[in-house]
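Have a look at the structure below, then the notes.
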2 protein chains.
Amino acid sequence: MLDARKRQVLFAIVQDYIQTAEPIGSRTIAKRHSLGVSSATIRNEMADLEELGFLAQPHTSAGRIPSDRGYRFYVDAMEVLPVLTAVDAEIVKRQLGGILRGQQMMLDALARLVSSLTNYTSIVIGPQPHQARLKLMQVIPLDENRAVLMLVLDTGMVANEVITLPRGLTMCDLLAFCNYVNLNLAGTSLSKLKDMDFEAYAGHFHAGAQAVEQAMDSLIAGLSRSEGDRVVLGGATNIFNQPEFRDITKLRAIMRVLDEHELVLRLVTSAPSAGASVSIGAENAVEGLRDCSLITATYRLGGGQTGHISVLGPTRMEYARVIALLNYVTKLVSQA
Amino acid sequence: MLDARKRQVLFAIVQDYIQTAEPIGSRTIAKRHSLGVSSATIRNEMADLEELGFLAQPHTSAGRIPSDRGYRFYVDAMEVLPVLTAVDAEIVKRQLGGILRGQQMMLDALARLVSSLTNYTSIVIGPQPHQARLKLMQVIPLDENRAVLMLVLDTGMVANEVITLPRGLTMCDLLAFCNYVNLNLAGTSLSKLKDMDFEAYAGHFHAGAQAVEQAMDSLIAGLSRSEGDRVVLGGATNIFNQPEFRDITKLRAIMRVLDEHELVLRLVTSAPSAGASVSIGAENAVEGLRDCSLITATYRLGGGQTGHISVLGPTRMEYARVIALLNYVTKLVSQA
DNA sequence: TGTTAGCACTCGCCAGTGCTGAGTGCTAAC
DNA sequence: GTTAGCACTCAGCACTGGCGAGTGCTAACA
């Protein structure tokens, strides 16, 4: 597609621009990278690359910057997976060890780790136990008319809610209902539970059936939400440090996107799940991320649960390093 | 302290500046507020007010803007509590009703409500059950070597964690430990539990005592964290809309403060808890909030639990409206 | 004694100007 | 195919003068 020298020139520009955030001129390349040709030759190559759509010129007499397509070519050309420096790997291993030792995975600690290592904003999506099934329901009386309702899934996930007994519903009734659920619904999948009508099950109470129905719905909703809504951001303020976002309107657009967790969830989970996937600039479906790149990697826990870790930065992103990092982190998380 | 006309002039400037965010000139006041005197007289008053420290002049030939002290005087002078407009009250009542109906208080829904009504950033601090006591410990086996450990407090708060049985620790041992805890530690306060050494209690197991100790510590830490770490932000991006924060460095300073939840917690909880407390500009101990005002109100649930709702905005804030709103919201929350 | 009109003065803002330097594209020579 | 040289372009910067909003001061007035 591109001859060897064009690739060298393109890669030189991408790498320099990632470092400096300044348009790169032909003389700069001739000096900093020893390609063995003069700046004039590089100028010709650059003109060709621009015509092919790999480079862009902010204005007539400025240097060139990579276009989205240029970055795309650069990323695709990294046929060998970029490797992590030993230092980075050591840091990750040590810190991640601490995070994973606790039985519960701390999504926010994970997000913080990734963002502090990359200096970009990180997005962590918690695992979604699609196949989770009801293990046990429990009622724990607190006093005469309050009790904790509790649902436990076989994945170990727990939802609980305090219920105040409405008139006509006794603690005994509630315990009976609980027994009934345990006898008949243990092993039912979360998605089936979601569609279930508990008012019918609770129907043999004289009153208070709706209250029970309402509480159960809320519990199940809580469980399914804590399934999908597990979007955690890390280092959102790192965006402020990028010179391309010194313009406040761009910043605002990005922040607005990050605020909408459902949107973020869709964006991240729609990435192909093999290895680290990169979407550059306008490749992002969302208008506000037109100047951003998103790198997403997937981790897999036992039991078919999967989650994602993403890094959001400007298109001028340290692709190699971030990809290496995400691959490493997801590998370690998956092994835990 | 200030004669009637000086107060009128000061209040006029504060109110106009809150609306326009532009320095206010003497002619503007003479026209918009019918004080019955000419702009020249107002100029004299303004010069006096500046000398007294209530006003400031961005540069020689600009209008005046209120200083921190000016805002402070304005706020203190609202001896009658500002009232909420009927429209606002209606919105709050309807929306808050929905939020409070669910048994668990949804802190983030609350934060969203307050920020959407005020167009500022809101900070909600969840209730801290200082006096919470252990109600019950439970072990729910999931399979041969995994179980959910669960602690329930008398407030209805629940913490749970999946534990994988280490070598030498059987499910029976774990259940025995659980019984032991229930017999001996029910009714113990959370703060005491925090200092407790469970390894000793679990000591009659041949092995696995540390694993239990570790899990218990993590559970208790989780409970005390979900006690205090319940800092929820709403509408953080609203700050972007304020013209005074078009400068990105100020914005960054504020965001950095908001990112540190412990700092925010200290800041908000240190406010005097009677009514709505206002801290203006440099009154905020934190450097980054030098240009902000923070209005904090406290809500009280049953059982001595208290929490806070704050609104963070520029010093040029709609004090009256926000104070009225916070008073109303905290009243409704406290009644629920 | 307080209030007011008038006037000179200040200063931010804006548009226009000229200069500089970085970088390009083209051409002719190697 | 490569290179040196040169004319050209254009953003950025500093400087300028005019405009307008607003002030402070003074002298006259009630």
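None of the values given here were measured: they were computed from a predicted structure. Proteins come first, then strands; the chains are lettered A, B, ... in the order of their sequence lines, and each starts at number 1.
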ask   = Rounded to the Å, how far apart are I13(B) CD1 and dT23(D) P?
value = 9 Å
inquiry  = Suppose we call a contact any N or O donor and acceptor under 3.5 Å apart; does that hold for the side chain of R43(B) and the base of dG24(D)?
reply    = yes
task = Return no unless some side-chain N or O of S38(B) is found under 4.0 Å from OP1 or OP2 of dT4(C).
result = yes
Donor + acceptor pair across side chains of S26(B), S39(B) (<3.5 Å) = no
query = Any N or O donor-acceptor pair linking the side chain of T60(A) to the base of dC10(D) at under 3.5 Å?
reply = no
query = Which whole-number value in Å describes the distance from N44(A) CG to dA28(C) P?
reply = 15 Å
query = With nearest nucleotides of DNA chain C determined for V37(B) and P58(B) from heavy-atom distances, which residue corresponds to the more 5′ nucleotide?
reply = V37(B)
Cation-aromatic face contact R69(A)/F54(A), 6.0 Å, 45 degrees = yes
inquiry  = When you measure from the side-chain N and O atoms of R5(B) to the phosphate of dT3(C), is any distance below 4.0 Å, counting only OP1 and OP2?
reply    = yes
key: Side chain of S61(A) - closest among dG23(C), dG25(C), dG22(D)   = dG23(C)
query = Watson-Crick or G-U wobble partner for dC30(C), using a 3.5 Å limit on both distances?
reply = dG1(D)
message = Does a side-chain N or O of R64(B) approach OP1 or OP2 of dG24(D) to a distance below 4.0 Å, or not?
response = yes
query = How is A40(A) classified with respect to the nucleic acid when contacts are heavy atoms under 4.0 Å: base, sugar-phosphate, or nothing?
reply = base
query = About how many Å separate CD of E45(B) and CG of D48(B), when rounded to the nearest 0.5 Å?
reply = 6.0 Å
message = I want to check one thing: is the phosphate of dT23(D), taken as OP1 and OP2, less than 4.0 Å away from some side-chain N or O of S26(B)?
response = yes
ask   = So with a 6.0 Å cut-off around CZ of R290(A), is the heavy-atom count from everything else above 12?
value = yes
